[in-house]
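The structure appears below as structure tokens.
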There are 2 protein chains.
Amino acid sequence: MLKEERHQVILNEVRIHNKVLLTDIAELVKVSPDTVRRDIKELHDANKLKRVHGGAISLGFNHYNYANREIYSLEKKSRIAEKAVSLLKDGQVVLLSGGTTNLEIARLIPPYLKITCFTPSLPIAVQLLPKPNIEIIFIGGKINKDSQITIGGGPIGVLSELKADICFLGVNSIHPSDGVTEFDWEIVQVKKAMINASKKVIVPSIFEKINSVQRYKICDVGSIDLLITELDKNDPLLKPYRKNLALL
Amino acid sequence: MLKEERHQVILNEVRIHNKVLLTDIAELVKVSPDTVRRDIKELHDANKLKRVHGGAISLGFNHYNYANREIYSLEKKSRIAEKAVSLLKDGQVVLLSGGTTNLEIARLIPPYLKITCFTPSLPIAVQLLPKPNIEIIFIGGKINKDSQITIGGGPIGVLSELKADICFLGVNSIHPSDGVTEFDWEIVQVKKAMINASKKVIVPSIFEKINSVQRYKICDVGSIDLLITELDKNDPLLKPYRKNLALL
DNA sequence: GAAAATCTTGCAATGTTTTGCAATATTTTT
DNA sequence: AAAAATATTGCAAAACATTGCAAGATTTTC
């Protein structure tokens, strides 16, 4: 493995976790800790990260910048997004709905992954823009200002001609017997179309926030292939879902 | 094997794997490592890849910073954008191509104006998002990362079904006899479609920067209804345009 | 078309960088 | 303060890079 590659790996880990342990990298890329130490020293001198005892941390990140509540759900989102990103493989066609958890997934997609992303979400497209290996297809149409995704006939038409490998479906509410629900009718239509446009449907969501029922139904839990939450897959809170749904 | 062929092989490997080991190439194409080293050096100098100890890696890999678009001509852009915005009226359907001058127009559109904006440009859509009275229709498709607009069949199809009242066409080059030209073929196709999709075509551009000719032709100056520059409409520099073109 | 000039390629000698290891020092944790 | 973890330093082997050179191929010039 080239030195430059190791540097990329280290920076990527720092980008994702805001920190990195020297020993973890050594194991990950299979070089001696000494080498990783030298790498980190170089990156530090180049002002790409901050070298600290035991590893390195991200430059800008400062916990004080965030309110306590937010940082809490941000960490949960990151954990969910990490699980989600681990499912991606080179060459896949990925469909990303809107929402902040999906935005976090977009952020964590490693820059070396070669995938095609379809999305109707403006913030997600912007987030993906700087990643050189990702082909972005924006699903056009009328933009809904609240959700910042496109809605209506345009996107639904495009989706009807697509069969993506995997869809990350952002969700407002989910319930073991009432299924996935939403309060905006137009968004429901788009999400239904997304489910039809994918071989696999994955719902990445903060469990705390979604265990509820809204006005309009998108689908039954049976239509979902995998539910990713911040909880451990064996958490008792998830018991009602376990019979119909794979968990991660 | 010709040198050029080897170069193609190397670039292809870099494209696929994001990196390449000098020794691998040497073995693959059966030349000495020295030759490969010289090849990589050439490609590095031509800015096609990044030469590193042991081989080469893809450019762009760590291109994490957005293109640092020039900011210095912002004042000129603002003057042009002000003139452009003064043409807008309630109820119009407006088509905005990409480019920094159009982005400035989007910024200056007053929030009380009730118009519908079609655009294939990600930054322009983002700029318009907070304006409550503007309906935004994003023209979807594959995103070109340089220009940050969508290109290809998708947008061209959408445009073929549209007749906007007014189109602000961002332009790289314009010339009194050679017309409007561009260096990216795919962008040419989109811009041609935009011209066809509008009743009026308006080109807002910094005159200093556009008085030139590029590879591919978009249209003659006769197809343009109005040219807006930072100059006074009676400026002698604009004389060659005055017979075929309205000015502002 | 032949001679000259230029380019390409592989080789060898020499120089540089990278890497892991071991001994020692420093910091962190208990 | 002792123990554990991490850092520093110097070193040697291996990998890689550089340079100059010469033989052959290709292009240019006459």
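Chain letters run A, B, ... following the sequence lines, proteins first, then strands; residues in each count from 1. Please read all numbers here as calculations on a predicted model, not as lab measurements.
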Q: Please work out which of the three classes, parallel, tilted or perpendicular, describes the rings of A/Phe138 and B/Phe138, given edges at 30° and 60°.
A: tilted
Q. Can A/Ser121 and A/Gln148 be counted as having a side-chain donor-acceptor contact under 3.5 angstrom?
A. no
Q | Between P of C/dT9 and NZ of B/Lys3, the distance in whole Å | A | 7 Å
Q) Hey, is the main chain of A/Leu103 close enough, under 3.5 Å, to the side chain of A/Lys77 for a donor-acceptor pair? A) no
Q: Could you check how far CD of B/Glu4 sits from C1' of C/dT8, rounded to whole Å?
A: 14 Å
Q. Considering the terminal five base pairs at each end of the helix from C/dG1-D/dC30 to C/dT30-D/dA1, what angle separates the two local helix axes, rounded to 10°?
A. 50°
Q: For the residue pair B/Asn47 and B/Leu59, establish whether any side-chain heavy-atom pair is separated by less than 4.5 Å.
A: yes
Q | Interatomic distance where CZ belongs to B/Arg51 and C1' belongs to C/dT16 [whole Å] | A | 12 Å
Q) Which whole-number value in Å describes the distance from A/His44 NE2 to D/dT8 P? A) 11 Å
Q) So which of residues 30-41 of chain A are in contact with DNA chain C, with a heavy-atom cut-off of under 4.0 Å? A) A/Val31, A/Ser32, A/Asp34, A/Thr35, A/Arg38
Q. Taking CG from A/Leu22 and P from D/dA4, how many angstroms apart are they, rounded to a whole number?
A. 20 Å
Q.
Please report the distance, rounded to the nearest Å, between CD in B/Glu27 and P in D/dC16.
A. 13 Å
Q: Return yes if some donor-acceptor pair links the side-chain N/O of A/Lys76 with the main-chain N/O of A/Phe207 below 3.5 Å, else return no.
A: no
Side-chain atoms of residues 49-56 of chain A: list all donor-acceptor pairs with protein atoms under 3.5 Å, sequence neighbours left out, distances to 0.1 Å.
none

Q | Rounded distance in Å - CG (B/Leu21) to C1' (C/dT18) | A | 15 Å
Q: Report the distance from atom NE2 of A/His53 to atom C1' of D/dA4, rounded to the nearest whole Å.
A: 10 Å
Q.
Atom NZ of residue position A/Lys83 - does it have more than 12 heavy atoms of other residues, nucleotides or ligands inside 6.0 Å?
A. yes
Q: Select one nucleotide: of C/dT19, C/dT9, D/dT6, the one nearest the side-chain heavy atoms of A/Arg6.
A: C/dT19
Q.
Checking side chain to side chain donor-acceptor pair (under 3.5 Å) between B/Glu182 and each of B/Lys191, B/Gln214, B/Gln189, which is the one that passes?
A. B/Lys191
Q | Check: B/Tyr216 ring centroid to B/Phe183 ring centroid under 6.0 Å | A | no
